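Step one of this worksheet: look at the structure below.
The figures that follow rest on heavy atoms only: side chains count, while hydrogens, waters and symmetry mates do not. Quantities reported herein were computed from a predicted structural model and do not represent experimental measurements.
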Amino acid sequence: MSLFALLGALEQGLVYGIMVLGVYLTFRILDFPDLTVDGSLPLGAAVSAVCITQGMPPVLSLLAAMAAGFLAGMVTGLLNTKLGILHLLASILTMTALYSVNIRIMGGPNVSLLGVDTVLDPLMRAGLPGYYASPLLFAAVAAVVVLALIWFLYTEMGQAMLATGDNRQMITSQGVDTHKVIIFGVGLSNALVALAGGLIAQNQGAADVNMGVGTIVAGLASVIVGETVFGNRSLPRAIVAAVVGSVIYRVAIALALGLKVGSFSFTPSDLNLITALLVVAALTAPRLKKRFGKC
């Protein structure tokens with residue numbers, strides 16, 4: 001793998017790592033299978049891109065993207081808690097609706113950011129090459145999000161989220177309104193996903209309505225890979241593992257796409273197949289290690 005390919009995989013791993021943290025929040029903390037993320041990632045990209053083209057500073061556009069993502073997550077939470085719709089179905093309904101919402105926001109299927117400033121431009125104007133600026137910026141943002149999430153999960157609200165995911169009946173008996181916890185937790189998760197979407201759009205120079213396809217699969221694969229490789233014995237370790245898993249996942253995909261065995265080689269259309277193989281390998285690795293360790 002060339003240096004540029006490695007930097008590209010690292011860049012993708014870090015920015016999508018922010019999305020993975022959102023997936024981790026719902027699936028591991030709240031025990032809430034949420035497919036809204038396939039719609040909230042392009043939602044964040046759409047809101048950020050449109051705000052920038054309307055003259056809003058790029059950093060503030062990311063805050064607007066997070067707010068939009070939070071609202072999308074709240075809708076899923078409300079459908080589940082207040083209307084009694086199964087969490088999986090509630091998230092599918094929101095995701096489906098967001099496809100139309102995103103087109104409405106952008107006024108079409110995509111928005112270009114060519115010729116306008118993004119969060120990366122100040123770094124490049126300072127003399128930093130683009131292939132270094134992106135990984136450094138995304139690493140800094142991911143580190144801030146990781147630290148903020150660790151801090152939050154040790155607060156009273158964070159502990160309520162952990163307890164809700166672990167034993168909802170027990171925490172309800174303690175007087176905690178689990179409906180509010182779920183609505184806020186799913187909203188926060190999608191706010192992080194939308195933040196990642198805004199950063200991706202600014203990095204790629206465009207927002208597209210289909211850029212969220214497969215987001216949930218990539219997120220789950222990264223969480224599983226991170227837990228398998230890095231472990232999850234403590235809360236901070238598990239959160240860091242989610243980002244590490246995202247980087248490993250992207251590097252593994254880059255290696256697989258560059259693999260050639262005789263006349264056979266993977267192509268970008270094989271991405272879903274590679275993802276499935278990575279998840280299977282991550283899920284079976286602990287069992288195989290335990291089995292062969294006894295031999």
Side-chain angles (χ1 to χ4, degrees), residues 1 5-28 34-49 62 65-66 69 73 95 118-120 130-131 133-146 148-149 188-230 238-257 268 271-272 274-276 278-279 282:
M1 181 187 292
L6 179 61
L7 288 173
L10 181 63
E11 167 192 307
Q12 293 289 301
L14 289 169
V15 70
Y16 278 98
I18 300 169
M19 175 274 295
V20 173
L21 291 173
V23 173
Y24 175 83
L25 201 58
T26 48
F27 275 85
R28 286 289 189 257
D34 180 28
L35 301 185
T36 312
V37 296
D38 274 22
S40 57
L41 186 131
L43 172 65
V47 170
S48 179
L62 294 176
M66 291 183 69
M95 176 191 69
T118 66
V119 289
L120 296 167
Y131 51 84
S134 299
L136 287 175
L137 175 64
F138 296 153
V141 176
V144 170
V145 173
V146 164
L149 190 57
L188 179 60
S189 167
N190 284 277
L192 294 178
V193 175
L195 170 61
L199 288 170
I200 292 167
Q202 294 190 40
N203 183 47
Q204 294 179 348
D208 188 89
V209 70
N210 292 314
M211 64 188 296
V213 175
T215 298
I216 189 62
V217 177
L220 288 174
S222 299
V223 170
I224 294 168
V225 169
E227 290 177 345
T228 302
V229 174
F230 200 67
I239 293 173
V240 173
V243 179
V244 172
S246 178
V247 174
I248 294 173
Y249 170 75
R250 295 294 166 177
V251 171
I253 287 178
L255 287 171
L257 291 175
L271 182 59
N272 287 344
I274 296 171
T275 298
L278 284 173
V279 173

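A donor-acceptor contact closer than 3.5 angstrom is absent between the side chains of Asn190 and Thr36. With no hydrogens or angles considered, no side-chain donor-acceptor pair links Asp34 and Thr26 at under 3.5 Å.
Remark: side-chain polar atoms of Thr215 are paired, donor with acceptor, to backbone N or O of Gly212 under 3.5 angstrom.
By the 4.0 Å N-to-carboxylate-O rule, Arg250 lies too far from Glu11 to be salt-bridged with it.
For the pair Val229/Val244, no side-chain contact is recorded, criterion being any heavy-atom separation below 4.5 Å from C-beta on. Looking at Glu227 and Tyr24, their side chains come closer than 4.5 Å, going by heavy atoms from C-beta outward. A 4.5 Å side-chain heavy-atom check between Val15 and Asn203 finds every atom pair outside the cut-off. With a 4.5 Å cut-off on side-chain heavy atoms, Asp38 and Val213 do not count as touching. Inter-residue side-chain proximity for Val23 and Arg28 is flagged as unmet; no heavy-atom pair is nearer than 4.5 Å. Under the 4.5 Å side-chain criterion, counting only non-hydrogen atoms from C-beta, Tyr16 is not in contact with Leu199.
Of the candidates Ile18, Val141, Val240, Val240 is the only one forming a side chain to side chain contact (heavy atoms under 4.5 Å, CB included) with Val146. When each of Ile248, Ile253, Val247 is paired with Val251, the side chain to side chain contact (heavy atoms under 4.5 Å, CB included) condition holds for Val247 and for no other.
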query = Ser134 and Leu120: side-chain contact (heavy atoms from CB on, under 4.5 Å), yes or no, with the steps?
reply = CA-CA 7 Å; Ser134 299; Leu120 296 167; 3.6 Å; yes

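For the residue pair Gly197 and Ala45, the shortest heavy atom distance occurs at O-CB, 3.3 Å.
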